[in-house]
A.B. asks: 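This is the structure I want to talk about, given as structure tokens.
The structure displayed is predicted, hence computed values, not measured ones. Just so we're on the same page: letters track the sequence lines, and every chain starts at 1. Note that these values count all heavy atoms, side chains included, but never hydrogens, waters or copies made by symmetry.
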There are 2 protein chains.
Amino acid sequence: MKTRGNGKQRGEPVAVDFGKLPGYIGYQVRQAQSAIFRDISRSLRATGVTPGEFSLLAMLRANPDINSITLARIYQLDKATLSLSIKKLVKRGLISSTRSANDRRFYSLRLTPEGSEVLRRVTRHIERQESAMDAVLAPGERAMLIGLLTRVARAFDR
Amino acid sequence: MKTRGNGKQRGEPVAVDFGKLPGYIGYQVRQAQSAIFRDISRSLRATGVTPGEFSLLAMLRANPDINSITLARIYQLDKATLSLSIKKLVKRGLISSTRSANDRRFYSLRLTPEGSEVLRRVTRHIERQESAMDAVLAPGERAMLIGLLTRVARAFDR
DNA sequence: TATTGTTATACTCTATAACTATA
DNA sequence: TATAGTTATAGAGTATAACAATA
């Protein structure tokens, strides 16, 4: 069943036993995430925006004046991690960070016009990738997959 | 082992608009992967084995004498990346790497007895997590989710 | 005292490039 | 020439800890 170690590998498919791995949701989610990430990273390379940054820009468009602590809570990242991501996007001119007048501990984050433009461009790549996934899904399966993933993720929230 | 997200930023729910993000499969897979990874990293901390290393150990159990190039192809990682992972596991005494007699360019990888024991212990944690996911899924939904994820991942495999 | 945010530091994971050994 | 594997180096992403500013 398993033919390896015989010097026959030439890049052709190799018969490999995956054991119980394919039956694990954790394994399959990881594999899917890797495949999706590799694909979108290639598409986005020219934009200089990573998938995580896309998500941040999209949140800023939907929630102008959001602050970094709120974003850190949403993504369950340390505030220091968000601080670095934000600094990079500010330096690139894609977002603005202005101290709030009411409570001067906060910085209000917003997309700049250039950030909006980059977000539009990135969104086109993202939606092209989503269409590629629809091509292998039957009607209704996208909604089903999203529902299942949401429930699984929530099983570990809190 | 560093883990992502330690809950420090958790607070009360904040009213936030996620825009179109929740409708993207890429976004949802990423969120699910993060949640699953954070949870299992906590469980595995004491074993010193990461989720990726679990996957490697499981492949070695199912495919004794597999070599690193084959593993690199399977996981679409560079051979240099696999080389480092393997070196670490060899140093920890969990796997052995012995030069193949037929073709001395190859190294045959195998679990050591200690590696087998660690794999058993880690597998118990993994399967406990999988059970936690089953608790939020109806009968048949695990198979459905796995099938959908597999098809989506394959949509990007070459 | 508590909260928001920054900086310094370190660890993991990954790739690229240059290398050795073997075929 | 081609393949398997290692090492050096670098970059992205993350966390922890210590800090400053503000409430």
A.B. asks: Kindly say whether B:V122 contributes a backbone atom to a donor-acceptor pair with the side chain of B:T47 at under 3.5 angstrom?
C.D. replies: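 No: the side chain of B:T47 does not pair with the backbone of B:V122.
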A.B. asks: Under 4.0 Å between a side-chain N/O of B:T50 and OP1 or OP2 of C:dC13, yes or no?
C.D. replies: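 Answer is yes, contact under 4.0 Å.
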A.B. asks: Between the side chains of B:Y75 and B:T81, does any donor sit under 3.5 Å from an acceptor?
C.D. replies: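 Side-chain D/A pair, B:Y75 to B:T81: absent.
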A.B. asks: Return the nearest nucleotide to the side chain of B:S68; candidates are D:dG5, C:dA23, C:dT3.
C.D. replies: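 Shortest atom-to-atom distance from the side chain points to D:dG5.
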A.B. asks: Would you mind telling me which of C:dA21, D:dA8, C:dT4 lies closest to the side-chain atoms of B:A80?
C.D. replies: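 So the nucleotide nearest the side chain must be D:dA8.
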A.B. asks: Ignoring the backbone of B:R99, work out which of C:dA21, D:dT7, D:dG5 is nearest its side chain.
C.D. replies: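 Nearest listed nucleotide: C:dA21.
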A.B. asks: Nearest 0.5 angstrom please: A:T123 OG1 to B:K20 NZ, how far?
C.D. replies: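 Here the rounded value is 6.0 Å.
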A.B. asks: Which nucleotide in the list C:dT4, D:dG5, C:dA15 gets nearest to the side chain of B:T81?
C.D. replies: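 Selected nucleotide (nearest to the side chain): C:dA15.
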A.B. asks: Reading DNA chain D from 5' onward, which residue's closest nucleotide shows up sooner: B:S97 or A:R105?
C.D. replies: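 Here B:S97 is the residue nearer the 5' end.
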A.B. asks: Expressed in angstrom and rounded to an integer, what is the separation of B:I69 atom CD1 from C:dA23 atom P?
C.D. replies: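 It is 16 Å, rounded to the nearest whole Å.
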A.B. asks: Rounded to whole Å, please give me the gap between CZ in A:F106 and C1' in D:dA23.
C.D. replies: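 Roughly 10 Å, once rounded to whole Å.
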A.B. asks: So do the side chains of B:D65 and B:F106 get within less than 4.5 Å of each other, counting heavy atoms only?
C.D. replies: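 No. Closest side-chain heavy atoms not under 4.5 Å.
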A.B. asks: Return the 5'-most residue of the pair B:L84, B:R30 with respect to DNA chain D, ranking by each residue's nearest nucleotide.
C.D. replies: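 The residue mapped nearer the 5' terminus is B:L84.
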A.B. asks: So if I take every side-chain heavy atom of A:K87 and compare against C:dG5, C:dT7, D:dT6, which nucleotide ends up nearest?
C.D. replies: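 That would be C:dT7.
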A.B. asks: Rounded to whole Å, please give me the gap between CG in B:L89 and P in D:dT6.
C.D. replies: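 Answer to the nearest Å: 12 Å.
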A.B. asks: Side chain of B:R73, heavy atoms from C-beta onward: which of D:dT22, C:dA15, D:dA4 has the nearest atom to it?
C.D. replies: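 Among the listed nucleotides, the one closest to the side chain of B:R73 is D:dA4.
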A.B. asks: Do you know which of A:I146, A:V152, A:L145 makes side-chain contact (heavy atoms from CB on, under 4.5 Å) with A:L149?
C.D. replies: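 Among A:I146, A:V152, A:L145, the one that satisfies the side-chain contact (heavy atoms from CB on, under 4.5 Å) with A:L149 is A:L145.
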A.B. asks: To the nearest Å, how far apart are A:R45 CZ and C:dT16 P?
C.D. replies: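 Rounding to the nearest Å, CZ of A:R45 and P of C:dT16 are 8 Å apart.
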A.B. asks: From the list C:dA23, C:dT6, D:dG5, which nucleotide is the closest neighbour of the side chain of A:K79?
C.D. replies: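 Looking only at heavy atoms from C-beta outward on A:K79, the closest nucleotide is C:dT6.
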A.B. asks: For a quick check of understanding: with a heavy-atom distance under 4.0 Å over all strands, which category does A:S85 fall into, base, sugar-phosphate or nothing?
C.D. replies: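 If one applies the 4.0 Å heavy-atom cut-off, A:S85 turns out to touch nothing in the nucleic acid.
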A.B. asks: Where the side chain of B:K88 is concerned, which of C:dC13, D:dG13, D:dT16 is the nearest nucleotide?
C.D. replies: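 My answer, after comparing the listed nucleotides, is C:dC13.
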A.B. asks: Pick base, sugar-phosphate or nothing for A:D103, based on heavy-atom distances below 4.0 Å to the nucleic acid.
C.D. replies: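 Sugar-phosphate only.
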A.B. asks: Could you state the atom-to-atom distance from CD of B:E53 to C1' of C:dC13 in whole Å?
C.D. replies: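 Between C1' of C:dC13 and CD of B:E53: 11 Å.
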A.B. asks: Between the side chains of B:E114 and B:R92, is the shortest nitrogen-to-carboxylate-oxygen separation below 4.0 Å, so that they form an ion pair?
C.D. replies: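 Judged by the 4.0 Å cut-off on N to carboxylate O distance, B:R92 and B:E114 do not form a salt bridge.
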A.B. asks: Using a cut-off of 4.0 Å on non-hydrogen atoms, how would the nucleic acid contact of B:L77 be classed: base, sugar-phosphate, or nothing?
C.D. replies: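 The residue B:L77 makes sugar-phosphate contact but no base contact.
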A.B. asks: Figure out the CG/P separation between B:L82 and D:dT3, and round it to whole Å.
C.D. replies: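 To the nearest whole Å, that distance equals 18 Å.
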A.B. asks: Nearest-Å distance, CZ (A:R38) to P (C:dC13)?
C.D. replies: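 After rounding, the gap between these two atoms is 16 Å.
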A.B. asks: Do the side-chain N or O atoms of A:R104 get closer than 4.0 angstrom to the phosphate oxygens (OP1, OP2) of D:dT22?
C.D. replies: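 The answer is yes; a side-chain N or O of A:R104 sits under 4.0 Å from OP1 or OP2.
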A.B. asks: Between B:D78 (CG) and C:dA17 (C1'), how many Å, whole number?
C.D. replies: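 Between C1' of C:dA17 and CG of B:D78: 10 Å.
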A.B. asks: Which nucleotide, C:dG5, D:dA17, D:dT6, lies nearest any side-chain atom of B:S83?
C.D. replies: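 Of the candidates, D:dT6 comes closest.
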